[in-house]
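These numbers come from the heavy atoms of this one structure, side chains and all, not from hydrogens, waters or symmetry mates. Small disclaimer: the values here were computed from a predicted structure and weren't measured.
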Amino acid sequence: MFHFPESSKFIHRGANIIEEGRTLRHSRKYDPDKLISRLVKMLIVIFVTVFLWNIPSSWYGIDGLTVVQQRIIAIFAFATLMWIMEIVSSWATSVAVIGLMLIFTSDSGLKWVCQPDEVGALLSHKSIMASFADPIIMLFIGGFVLAIAATKTGLDVQLAKVLLKPFGTRSNNVLLGFLLITGLFSMFVSNTATAAMMLTFLTPVFKQLPPEGKGRIALALSIPVAANLGGMGTPIGTPPNSIAMKYLNDPSGLNLGLGFGQWMMFMLPLVIVLLFISWWLLKTMFPFSQKTIQLEIEGEMKKNAHTYIVIATFFLTIALWLLDSVTGINSNTVALVPFVIFALTGVINKRDLEQINWSVIWMVAGGFALGYGLNASGLAENAVKSIPFDEFSPILILVLSGLLCYALSNFISNSATAALLMPILAFVCGAMGDTLAPIGGTSTVLIGLAIAASSAMVLPISTPPNALAYATNLVQQKDMVKTGLIMGIISMLMGYGLLYLIGTLKLL
């Protein structure tokens with residue numbers, strides 16, 4: 001959650017909306033009446049983990065399976081079940097994963113259960129811990145820092161004012177404006193913060209519209225739809241995108257060298273088309289009974305040196321991201337540029353660093369640790385050798401992986417889903433080699449997973465923006481399900497169609 005200055009009433013309401021959304025998600029997950037259910041789920045997880053940890057290795061049907069590799073299978077199952085059942089927060093599961101790997105599978109683990117002669121090659125504890133300092137983590141931190149600086153200076157409010165003004169006062173045009181501006185902001189700022197800010201702007205608008213009309217529903221739903229879809233536009237728009245970039249660009253893996261600008265070149269047009277489709281859908285399903293809206297946005301941009309530093313740094317950072325193929329500086333390194341500038345000039349301070357969303361970073365780091373364990377232990381290689389993936393249909397791999405990711409992301413964090421599926425499919429697809437050529441190779445599958453994760457927006461618990469919109473009490477779950485399902489299907493069909501075209505034409 002980002003820092004909100006006390007001087008701004010607008011930002012106070014935004015903070016309240018974020019808190020309401022988080023309270024809603026927390027109450028659904030951790031209702032005291034569900035303690036027995038959570039306990040039963042926890043016992044199931046423990047049983048499955050212990051069972052997989054101790055069964056004879058021959059039961060797995062994987063040749064050459066070592067004890068370390070078997071333990072990683074058990075830890076992977078533990079993470080999967082914990083993330084799917086959401087017994088604890090996703091980041092807490094990731095911390096547990098890293099701890100289990102360090103204690104039971106690394107060269108710094110318990111010495112009486114980590115003897116290489118008995119359990120096989122051990123993982124490097126330094127590499128496991130380095131998951132938290134992966135270059136992609138720097139990309140996350142850079143995005144958070146930019147968002148904090150924009151909020152502190154009021155730049156986000158000023159941008160919203162300027163960008164929404166051209167859409168006038170006609171209700172349908174205002175709806176389009178909120179869709180496009182929310183989508184734009186969510187490409188560079190946390191989806192949660194974007195949704196909270198834009199819903200705050202809509203608070204006075206809701207009061208203008210008649211309660212019996214459906215226009216308020218359209219506007220309330222426009223925010224989560226646009227925030228979820230807009231995140232697909234850039235590598236930093238949503239965690240699944242960044243996770244996909246990690247495996248696509250890993251020097252020891254696929255090493256495709258996919259740049260920030262390349263991602264936007266193909267994904268930005270897709271996002272724009274999807275936002276216009278969602279506009280048509282929302283204004284058709286929930287028509288306005290009042291044809292005009294007077295839009296008033298509270299809050300002002302601070303006119304001081306810090307603000308101008310932030311503006312200049314935004315332009316510089318985005319330019320460096322888009323020109324990474326020209327400058328040779330990759331997007332992860334560029335992400336540190338605003339951090340350095342803001343730290344040296346005092347735009348952000350140590351209190352602001354506390355507002356970085358560390359839970360997301362821990363969540364992603366746990367997934368990276370799992371991916372490292374699968375690869376470095378040799379487990380992924382042994383599994384691929386034991387299963388004839390090269391005989392599988394490329395279309396089948398593409399469709400099943402996308403549907404699985406979409407289904408999981410509707411019920412658990414899309415970051416957790418991506419963290420589970422990306423490392424497995426990266427290795428499987430890499431091992432399949434030219435078999436995937438008809439669909440464009442591994443990049444089609446992994447970027448497809450990112451699209452599927454962002455397309456999952458059916459339930460209030462599917463994404464934080466959904467929860468925030470639901471917390472306004474203007475949206476019924478049936479309306480969210482209907483809209484989310486239609487836009488999710490359209491998004492996946494168009495997204496996968498685009499990836500297939502790009503892949504077959506060898507444009508990526």
Side-chain angles (χ1 to χ4, degrees), residues 40-85 87 93-94 96-125 127-128 131 247 252-253 366-393 396-397 400-401 404 408 416-417 419-433 435-436 442 445:
V40 171
K41 290 178 180 179
M42 192 70 232
L43 291 174
I44 291 172
V45 172
I46 293 173
F47 173 78
V48 171
T49 304
V50 172
F51 177 77
L52 294 175
W53 194 289
N54 292 288
I55 61 174
S57 59
S58 58
W59 288 20
Y60 286 100
I62 299 176
D63 294 335
L65 189 71
T66 67
V67 174
V68 167
Q69 292 171 353
Q70 183 170 340
R71 290 175 183 173
I72 291 172
I73 292 175
I75 293 171
F76 189 89
F78 166 82
T80 303
L81 292 174
M82 291 290 284
W83 278 330
I84 290 176
M85 295 182 181
I87 300 171
T93 297
S94 286
V97 165
I98 293 173
L100 288 171
M101 290 180 64
L102 286 169
I103 294 170
F104 295 107
T105 68
S106 79
D107 54 14
S108 183
L110 288 169
K111 63 180 180 180
W112 53 87
V113 295
C114 291
Q115 295 294 333
D117 295 339
E118 299 174 6
V119 300
L122 296 169
L123 301 177
S124 164
H125 73 281
S127 296
I128 295 173
S131 299
Y247 290 104
S252 61
F368 289 170
L370 272 179
Y372 167 73
L374 288 171
N375 291 316
S377 68
L379 173 60
E381 184 177 0
N382 285 352
V384 167
K385 288 179 179 177
S386 302
I387 303 173
F389 284 109
D390 56 346
E391 297 177 10
F392 288 21
S393 164
L396 182 65
I397 293 285
L400 289 183
S401 63
L404 178 60
L408 286 176
T417 302
L420 281 173
L421 299 180
M422 291 282 185
I424 297 175
L425 284 164
F427 199 92
V428 168
C429 293
M432 292 178 71
T435 307
L436 292 175
T442 304
V445 177

Taking [X] for the side chain and [Y] for the main chain, is one N or O donor matched with an acceptor at less than 3.5 Å?
X	Y	answer
Y60	L52	yes
D63	N382	no
E118	W112	no
Q69	S377	yes

Heavy-atom pair of closest approach, residues [X] and [Y]:
X	Y	result
C114	I103	SG-O, 3.5 Å
N375	A380	OD1-CB, 3.8 Å
I128	S131	O-OG, 2.9 Å
S94	W83	OG-CZ2, 3.2 Å
L374	P423	CD1-CB, 4.3 Å
A79	L370	CB-CD1, 3.8 Å

How long is the span from the [atom1] atom in [X] to the [atom2] atom in [Y], to the nearest 0.5 Å?
X	Y	atom1	atom2	result
D107	S124	CG	OG	5.0 Å
L396	S401	CG	OG	9.0 Å
L420	L425	CG	CG	11.0 Å
S108	M101	OG	CE	13.0 Å
H125	T105	NE2	OG1	12.0 Å
Y247	L421	OH	CG	11.0 Å

Next item on the list: Run the numbers on I397 and T435 for side-chain contact (heavy atoms from CB on, under 4.5 Å), then give the verdict.
Entry: CA-CA 11 Å; I397 293 285; T435 307; over 6 Å; no
Notebook entry, point to check: Knowing that exactly one of I55, T49, V48 qualifies, which makes a side-chain contact (heavy atoms from CB on, under 4.5 Å) with F51?
Noted result: I55
Next item on the list: For residues V97 and M82, determine if any side-chain heavy atom of one lies less than 4.5 Å from a side-chain heavy atom of the other.
Entry: no
Next item on the list: Flag the pair I73 / L65 as yes when at least one side-chain heavy-atom distance between them is below 4.5 Å, and no otherwise.
Entry: yes
Next item on the list: Output, in order, the C-alpha distance, side-chain angles, deciding distance and verdict of side-chain contact (heavy atoms from CB on, under 4.5 Å) for L379 and F76.
Entry: CA-CA 11 Å; L379 173 60; F76 189 89; over 6 Å; no
Next item on the list: Start with the C-alpha gap between I72 and L123, add the side-chain angles, then the distance that decides, and say whether side-chain contact (heavy atoms from CB on, under 4.5 Å) holds.
Entry: CA-CA 10 Å; I72 291 172; L123 301 177; 3.9 Å; yes
Next item on the list: List the steps and the verdict of side-chain contact (heavy atoms from CB on, under 4.5 Å) for L436 and T442.
Entry: CA-CA 7 Å; L436 292 175; T442 304; 4.2 Å; yes
